[in-house]
Number of protein chains: 2
Amino acid sequence: MIFTNISILDENMQLQENMYVGIKNEKIDYIGKEMPFTDYGESYPGKGKLLMSGFYNTHAHSPMTLLRGYGENLALQAWLNERIFPFEAKLDGNAVYWGTMLAMAESLRFGIVSTTDMYYFCEDMVKAIEQAGTKDNVGRGVTNFTDSDLYSLESFSEMKALYGNYHNTAGGRIKIDMSLHAEYTSNPKTVQQMAAYTKAIGANMHVHVSETKLEHEECKARHNGMTPIQYFNDLGLLDSKTTAAHCVWVEPEDMDIMKEKGVTVASNPISNLKLASGVCNVPELLKRGINVSIGTDSVSSNNSLDFIEEMKIFAISSKEKYQDPTAVTPTETLYAATRAGALSQGREDCGKLAVGYKADVIVLDIMKPNFVPVHDMVNNIVYSACGGDVVLTMVDGKVLYKDGVYTTIDLEKTMFETNKATKNIISQL
Amino acid sequence: MIFTNISILDENMQLQENMYVGIKNEKIDYIGKEMPFTDYGESYPGKGKLLMSGFYNTHAHSPMTLLRGYGENLALQAWLNERIFPFEAKLDGNAVYWGTMLAMAESLRFGIVSTTDMYYFCEDMVKAIEQAGTKDNVGRGVTNFTDSDLYSLESFSEMKALYGNYHNTAGGRIKIDMSLHAEYTSNPKTVQQMAAYTKAIGANMHVHVSETKLEHEECKARHNGMTPIQYFNDLGLLDSKTTAAHCVWVEPEDMDIMKEKGVTVASNPISNLKLASGVCNVPELLKRGINVSIGTDSVSSNNSLDFIEEMKIFAISSKEKYQDPTAVTPTETLYAATRAGALSQGREDCGKLAVGYKADVIVLDIMKPNFVPVHDMVNNIVYSACGGDVVLTMVDGKVLYKDGVYTTIDLEKTMFETNKATKNIISQL
């Protein structure tokens with residue numbers, strides 16, 4: 001495929017107009033001002049359009065589309081205990097498959113090419129993702145409320161099997177991460193064993209960290225004043241390449257450790273506002289050179305996968321909280337949404353519109369009133385675009401979404417099956 | 001026109017499916033489960049669609065679309081002094097006309113049917129709004145940094161002429177409000193004279209109140225500890241029906257006055273976050289029964305008119321700031337975005353999907369992945385919809401926007417002329 005006469009945001013986030021971009025063998029093969037000699041096949045007329053890197057969503061629970069808008073306006077504990085947990089107890093593989101498929105359809109609509117997920121029934125998730133053509137770092141969240149050995153847990157065997165069967169499959173689109181749910185849902189022995197195992201196999205670690213003040217303070221009370229980051233570091237968990245979701249309440253000492261250990265933050269600004277958890281100190285994390293990426297969290301606390309909206313809230317919620325309108329620039333935000341996310345997922349050849357990189361790209365329709373005038377295109381993308389402006393999403397060189405139409409997903413069937421599975425669960429409650 | 005087999009959010013914000021809604025003489029004439037006998041002309045097939053009230057944007061500076069994304073990442077004073085003020089000094093009527101037209105196009109795309117505006121070159125604004133077919137409460141913001149009498153000010157004579165020539169014209173679509181910019185841009189004599197004049201002619205008042213902490217504190221220092229609300233009340237300004245924009249820093253005593261005087265709050269959550277001004281205490285205002293509506297502020301501090309996004313941030317930013325995830329429900333949010341706004345604009349027959357009300361309505365495409373499943377449609381509209389889901393906007397029974405096409409606005413020409421006017425101004429700086 002070749003994009004012709006198209007505006008692009010290049011790898012330095014600079015706007016270039018009237019460009020030609022050729023895609024070959026899953027990769028960006030050519031970027032230039034002239035029509036190349038190579039025959040790239042189908043031509044995409046780019047007038048009035050903008051081509052850029054797709055988005056990498058670094059913290060999600062995709063199947064929770066099934067719980068979109070379920071149990072709103074409740075305090076956290078009531079929401080979890082009266083709504084989320086009873087619903088989740090009735091889940092099955094079929095529901096998870098369709099819930100994941102729906103999440104992939106929504107992701108593609110909003111320009112997300114790759115997701116870092118933590119959930120269960122992971123084999124069903126993998127099947128949906130395989131079919132959808134998206135990328136995903138799938139993790140089986142491990143919890144342990146007993147004294148048992150990690151190695152005797154069912155969730156651990158599932159995770160191990162998953163890694164063996166699916167890691168780096170579908171041409172590398174699917175990766176399996178090790179995933180510990182959180183400090184408050186396990187114990188030191190489990191953490192230590194997870195740390196050792198993850199390091200031994202060279203996998204990535206995905207974990208919830210300091211999402212709420214309560215979680216953060218209770219951890220300190222339980223572990224001699226150690227914060228979740230200090231506790232995990234102490235037990236070796238951060239010796240593997242780690243993505244820490246939320247990090248709303250991390251302290252300066254935690255940031256020192258995160259910087260030293262190369263931890264990526266997956267900040268989930270909308271979920272954090274909506275659940276009244278707080279606002280991640282993105283300005284300070286960026287100042288220290290920590291890799292900060294963006295996640296949506298689940299749609300049951302968001303309640304959408306509109307990544308353009310997520311970028312805007314990422315930037316502006318930090319400005320208010322930390323009283324600096326100059327902090328978290330649109331360029332920093334766009335980097336967090338693309339390259340920083342790809343790096344956290346171990347996808348070094350992704351997240352940049354540059355020759356040799358994987359063709360995970362999106363097209364925005366910029367002939368819309370909200371894109372005019374253009375004083376600075378990056379400002380317009382982060383602050384003025386809306387999710388509906390995405391008109392094409394391509395993963396590994398394959399068009400998966402174009403003008404509302406999916407090439408790998410039967411949207412009508414997905415909506416039907418998701419509704420059916422949801423109603424089925426509700427009827428059992 | 002008749003909408004057939006359509007889902008609706010009725011006047012009680014309840015979802016009803018497979019409904020018929022007939023429009024006649026600018027009004028909603030019929031809502032029922034059966035096809036009516038009356039011939040309403042053109043039929044709109046409503047399968048997979050949702051009909052609801054349009055949005056009333058109660059605080060904006062529409063022509064500032066020209067400054068979208070201009071001078072980002074600056075602190076407030078540098079932004080105003082180095083960018084906004086020099087740019088605005090070069091404005092002319094032609095630029096304002098096209099900037100307003102662009103704002104109307106963007107508003108219609110995102111379901112806004114009516115706007116409360118404060119700016120200058122108001123006659124050019126009125127002409128654009130007349131042409132666009134939208135509704136607007138236009139105000140000529142009055143400032144006075146001298147000792148002069150209000151009645152000798154050019155801005156006052158412009159406002160007076162505007163009121164005489166345009167108030168309640170275009171079938172009531174265009175209203176002229178009296179508009180005092182703010183406490184810090186005038187003096188007690190001006191406020192007193194504005195208050196008396198506004199009361200005498202029975203007009204609405206539109207004013208900025210306690211947007212930043214600095215403004216709020218400096219007012220108290222200048223006026224014997226009186227906050228902006230107390231100062232305005234003391235001088236009689238609130239004796240007229242008042243819309244107070246921002247109200248981020250109002251105090252409990254201010255809220256008592258606002259409740260007593262029937263002041264409407266126009267909360268601008270995105271602009272307040274982006275400029276790091278703070279977060280309006282919407283939970284407390286609602287608890288006291290104060291009429292709270294939603295504004296976008298100008299796109300130079302937003303930077304879009306995506307009202308669906310604005311609703312979501314209205315709800316979730318308050319939840320975090322005031323530490324209560326149960327506060328500001330989707331139903332309260334939708335009321336603020338519709339009926340509360342219409343009331344603040346003196347449009348008593350607007351903002352409700354009910355027989356006899358003006359047909360200011362929008363249609364959302366709900367056959368999108370982000371609308372599935374439907375545990376509660378109001379939750380989905382406020383938290384899961386995106387601006388791009390609006391597929392039809394009707395004002396006073398006339399379709400102004402449908403599937404990306406405008407019936408009253410030449411979008412291509414508007415984008416061209418806005419770009420030209422912007423470049424012309426930039427070239428003079």
Side-chain angles (χ1 to χ4, degrees), chain A residues 65-70 72-76 79 102 105-106 109-110 270 272-279 299 302-306 309 312-313 315-317 319-320 323-326 329-330 367-370 372-376 379-380 383-389 411 414-415 418-419 422, chain B residues 65-70 72-76 79 102 105-106 109-110 270 272-279 299 302-306 309 312-313 315-317 319-320 323-326 329-330 367-370 372-376 379-380 383-389 411 414-415 418-419 422:
Chain A
T65 46
L66 298 162
L67 291 104
R68 189 196 308 274
Y70 181 62
E72 292 293 343
N73 315 314
L74 293 174
L76 187 66
W79 177 65
L102 184 71
E106 186 176 353
R109 181 186 181 203
F110 295 132
I270 291 181
N272 293 159
L273 288 179
K274 186 156 178 285
L275 297 176
S277 307
V279 178
V299 295
N302 185 311
N303 298 347
S304 78
L305 298 172
D306 185 340
E309 183 175 82
K312 185 168 176 173
I313 310 314
I316 70 175
S317 59
K319 287 176 193 288
E320 192 279 324
Q323 288 296 300
D324 182 1
T326 71
T329 66
M367 290 302 280
K368 294 280 192 231
N370 47 312
V372 179
V374 182
H375 290 292
D376 183 321
N379 292 348
N380 282 7
Y383 291 138
S384 310
C386 93
D389 295 332
L411 182 64
T414 301
M415 297 200 296
T418 316
N419 273 323
T422 306
Chain B
T65 47
L66 299 161
L67 292 104
R68 189 195 308 274
Y70 181 62
E72 292 293 343
N73 316 316
L74 293 172
L76 187 66
W79 178 64
L102 184 72
E106 185 176 354
R109 181 184 182 207
F110 294 131
I270 292 181
N272 293 160
L273 288 179
K274 186 157 179 283
L275 296 176
S277 306
V279 177
V299 295
N302 186 312
N303 299 345
S304 78
L305 299 172
D306 185 340
E309 181 175 81
K312 183 167 178 175
I313 309 315
I316 70 176
S317 60
K319 288 176 193 289
E320 192 279 323
Q323 288 297 298
D324 182 1
T326 72
T329 66
M367 291 302 280
K368 296 279 193 233
N370 47 311
V372 178
V374 182
H375 290 289
D376 182 321
N379 292 348
N380 281 7
Y383 292 138
S384 309
C386 94
D389 295 331
L411 181 64
T414 301
M415 296 200 296
T418 317
N419 273 323
T422 307

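Side-chain atoms are counted along with the backbone in the values below, which use heavy atoms only and exclude waters and symmetry mates. Chain A is the first sequence line, chain B the second, and so forth, proteins listed ahead of strands; every chain is numbered from 1.
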Say whether, by atom type as modelled, one donor and one acceptor occur between the side chain of [X] and the main chain of [Y] under 3.5 angstrom.
X         : Y         : answer
Ser384(B) : Asn303(A) : yes
His375(B) : Leu66(A)  : yes
Lys312(B) : Glu309(A) : no

Original post:
CG/Leu273(A) to CD/Glu320(B) distance, rounded to the nearest 0.5 angstrom?
Top reply: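 Here the rounded value is 6.0 Å.
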**OP:** With a 4.5 Å cut-off on heavy-atom pairs, point out which of Leu74(A), Thr414(A), Asp306(A) contacts chain B the most.
**Re:**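 Highest number of pairs under 4.5 Å: Leu74(A).
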Subject >> Residue among Gly278(A), Ala315(A), Ser277(A), Pro330(A) with most heavy-atom pairs under 4.5 Å to chain B >> reply: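 Ranked by contacts with chain B, first place is Gly278(A).
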Original post:
Top residue by heavy-atom pair count (under 4.5 Å) with chain A, among Leu67(B), Asn272(B), Val299(B)?
Top reply: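 Between Leu67(B), Asn272(B), Val299(B), the count favours Leu67(B).
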**OP:** Could you list the residues that satisfy salt bridge (Lys or Arg N to Asp or Glu O under 4.0 Å) with Lys319(B), not counting sequence neighbours?
**Re:**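 Per chain and number, Lys319(B) pairs via salt bridge (Lys or Arg N to Asp or Glu O under 4.0 Å) with no residue.
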By a 4.5 Å heavy-atom criterion (distance strictly below it), what part of [X] contacts chain B: side chain, backbone, both, or neither?
X         : value
Thr329(A) : both
Ile313(A) : side chain
Leu411(A) : side chain
Val374(A) : backbone

Subject >> Nearest non-hydrogen partners of Ala276(B) and Asp324(A), listed with the distance >> reply: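 That closest heavy-atom pairing would be CB-N, 4.0 Å.
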Subject >> Residues forming a side-chain contact (heavy atoms from CB on, under 4.5 Å) with Ala385(B), sequence neighbours excluded >> reply: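 Partners of Ala385(B) by the side-chain contact (heavy atoms from CB on, under 4.5 Å) criterion, ordered by chain and then number, come out as Ile308(B), Phe371(B), Asp389(B).
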**OP:** For Arg68(A) and Asn380(B), run side chain to side chain donor-acceptor pair (under 3.5 Å): C-alpha distance rounded to whole Å, both residues' side-chain angles, the deciding distance at 0.1 Å, then the answer.
**Re:** CA-CA 8 Å; Arg68(A) 189 196 308 274; Asn380(B) 281 7; 5.1 Å; no
I want to check something: taking the side chain as every heavy atom from C-beta on, are [X] and [Y] in contact at a cut-off of under 4.5 Å?
X         : Y         : value
Pro369(A) : Thr418(B) : no
Thr65(B)  : Val372(A) : no
Pro325(A) : Trp79(B)  : no
Phe110(B) : Asn370(A) : yes
Arg109(A) : Cys386(B) : yes

Original post:
What part of Lys368(B) is in contact with chain A, defined as an atom under 4.5 angstrom from a non-hydrogen atom: side chain, backbone, both or neither?
Top reply: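 Both parts, heavy atoms under 4.5 Å.
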